[in-house]
Amino acid sequence: MDFLINALDALSLKLGCEMLCSELTAKMVIIVVVMVFIGSFMDSIAGGGGIITLPAYLIAGLPAHIALGTNKLSAGIGSSAAVIRYIKSGYVKWRLALPAAVLAIVGSHFGTKLQLMLDEKYLQYMLLVVLPVVAFVVLRQRSLPEVSGDIAFTKRLAIVCLSALVIGTYDGFYGPGTGTFLLLTFCNIGKMDVRSANGNTKVINFGSNIGALFTSLASGKVFLVLGLIGACASIAGNIIGSGLAIKNGSRIVRPTVIVVLILLAVKIISGMIGK
């Protein structure tokens with residue numbers, strides 16, 4: 001155990017991280033494991049897990065920028081479990097997912113750069129306008145599509161890639177709700193069925209997480225040991241949640257999306273009131 005702790009501290013120092021293993025407490029571990037598991041379970045079904053996982057690191061006592069970077073570490077590793085499950089089930093369309101994931105990485109890199117320079121309140125104001133519109137679209141639909149719609153591949157590719165770039169930038173800058181916004185865009189504008197939309201969302205969101213993570217690591221804004229502990233909880237939540245989403249489709253995804261949108265609105269409003 002001492003060898004592992006020393007190795008993690010050495011790696012943290014080499015990366016320029018601001019927090020080391022000696023600052024880890026049992027309280028931090030309990031808070032992160034419980035909340036990251038719940039958030040990752042929700043994220044693997046309908047996105048939006050960051051609404052729970054990011055506050056987990058803040059409640060554990062991490063400064064805001066380190067909490068954001070550490071959350072990207074656990075989310076990036078954990079979401080790989082959901083990605084693998086969707087790939088094995090045949091719900092990832094690589095001709096769509098690969099170019100979109102690259103654009104999501106680019107977007108999240110620049111979004112994280114912006115996050116380190118700008119106040120997030122400007123984005124929160126925008127989301128307060130966007131969220132009611134998104135909620136209206138979801139509530140208006142009885143269910144998310146179980147079968148893909150008729151649309152030219154080039155048009156769908158353009159929609160998926162543009163969405164990945166824009167929402168990937170949002171992911172790097174702020175984050176919560178990224179998977180939900182991608183899922184709804186793919187289903188409603190890209191005319192994808194809910195399982196394929198979810199599978200491609202997971203690949204793209206994985207890319208944006210990795211892009212933001214590397215930028216945060218380069219700035220030393222990751223608590224490495226706590227992020228790796230959170231990653232273990234995230235893997236468990238993603239495995240269980242993605243299994244339910246693949247099995248039940250729109251029956252479980254749609255109500256979870258609605259819950260995510262409500263939680264995101266509450267988070268934004270309470271954050272603004274708190275300031």
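Positions are given from 1, in the same order as the sequence printed here. If you're wondering where the values come from, they're calculated on a predicted model, not measured in any experiment.
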Derivation and outcome, side chain to side chain contact (heavy atoms under 4.5 Å, CB included), residues Ile87 and Trp94: CA-CA 9 Å; Ile87 289 171; Trp94 288 111; 3.5 Å; yes
Assess whether side chain to side chain contact (heavy atoms under 4.5 Å, CB included) is satisfied between Ile66 and Lys221, documenting all intermediate values. CA-CA 4 Å; Ile66 295 178; Lys221 304 298 183 182; 4.3 Å; yes
Could you walk me through whether Ile77 and Leu228 pass the side chain to side chain contact (heavy atoms under 4.5 Å, CB included) test, one step at a time? CA-CA 8 Å; Ile77 295 174; Leu228 291 172; 3.9 Å; yes
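The two residues Ala233 and Val36 come nearest to each other via the heavy atoms CB-CG1, 4.2 Å. For the pair Val32 and Ala60, the tightest heavy-atom approach, listed with the atom from each and the gap, is CG2-CB, 4.1 Å. Considering all non-hydrogen atoms of both residues, Ser242 and Arg85 come closest at OG-CD, 3.3 Å. Contact between Arg195 and Lys247 at its shortest, heavy atoms only, is NH2-O, 3.6 Å. Of all the heavy atoms in Ala97 and Val92, the pair that sits closest is CB-CG1, 4.0 Å. Shown here for Ser40 and Thr53, the closest heavy-atom pair between the two residues is N-CG2, 4.2 Å.
The closest side-chain heavy-atom distance from Val203 to Tyr86 is not below 4.5 Å. Side-chain contact between Val160 and Asn200 is absent, with no heavy atoms from C-beta onward closer than 4.5 Å. Met192 is listed as a side-chain neighbour of Leu96, based on a closest heavy-atom distance under 4.5 Å. Asp150 has its side chain out of reach of Lys191: every pair of non-hydrogen atoms, C-beta onward, lies at least 4.5 Å apart. A 4.5 Å side-chain heavy-atom check between Ile204 and Ile167 finds every atom pair outside the cut-off. In this structure, Tyr91 and Asn198 have side chains that are not in contact, with every pair of non-hydrogen atoms separated by 4.5 Å or more.
From Tyr170, atom OH reaches atom OG1 of Thr178 across 5.5 Å, with rounding to the nearest 0.5 Å. Atom CZ of Arg156 and atom SG of Cys161 lie 12.5 Å apart (nearest 0.5 Å). Note that CG of Leu213 is 12.0 Å distant from CG of Leu68, once rounded to the nearest 0.5 Å. Here the CZ-CG distance, from Phe37 to Asn238, works out to 10.0 Å after rounding to the nearest 0.5 Å. We find the OG-CD1 distance between Ser44 and Ile239 to be 10.0 Å, quoted to the nearest 0.5 Å. In this structure, OH in Tyr57 is found 8.5 Å from CG in Leu62, a value given to the nearest 0.5 Å.
Using a 4.5 Å cut-off between side-chain heavy atoms of Ile, Leu, Val, Met, Phe, Trp and Tyr, with links allowed through other members, Ile189 and Leu183 fall into different hydrophobic clusters. Both Phe214 and Leu224 are assigned to one and the same hydrophobic cluster, defined by single-linkage of ILVMFWY side chains at heavy-atom distances under 4.5 Å. Phe181 and Ile45 fall within the same hydrophobic cluster, defined by Ile, Leu, Val, Met, Phe, Trp and Tyr side-chain heavy atoms under 4.5 Å apart, directly or through other members. Both Ile52 and Leu244 sit in one connected hydrophobic cluster of ILVMFWY residues. Membership requires side-chain heavy atoms under 4.5 Å apart, directly or through other members. In the hydrophobic clustering of this structure, Leu103 does not group with Ile159; members are Ile, Leu, Val, Met, Phe, Trp, Tyr whose side-chain heavy atoms approach within less than 4.5 Å, directly or through other members.
Side-chain atoms of Asp43 never come within 3.5 Å of backbone atoms of Gly39 as a donor-acceptor pair (strictly under, hydrogens ignored). Side-chain atoms of Ser208 do not come within 3.5 Å of backbone N or O of Gly168 as any donor-acceptor pair. No donor-acceptor pair closer than 3.5 Å links the side chain of Ser234 to the backbone N or O of Gly230. Panel note: side chain Ser108, backbone Ile105; a donor-acceptor pair is recorded below 3.5 Å.
Looking at Thr215, Asp171, Thr112 one by one, the single match for side chain to side chain donor-acceptor pair (under 3.5 Å) with Lys72 turns out to be Asp171. Each of Thr201, Asn209, Ile210 was compared with Ser79 under the side chain to side chain contact (heavy atoms under 4.5 Å, CB included) criterion, and only Asn209 meets it.
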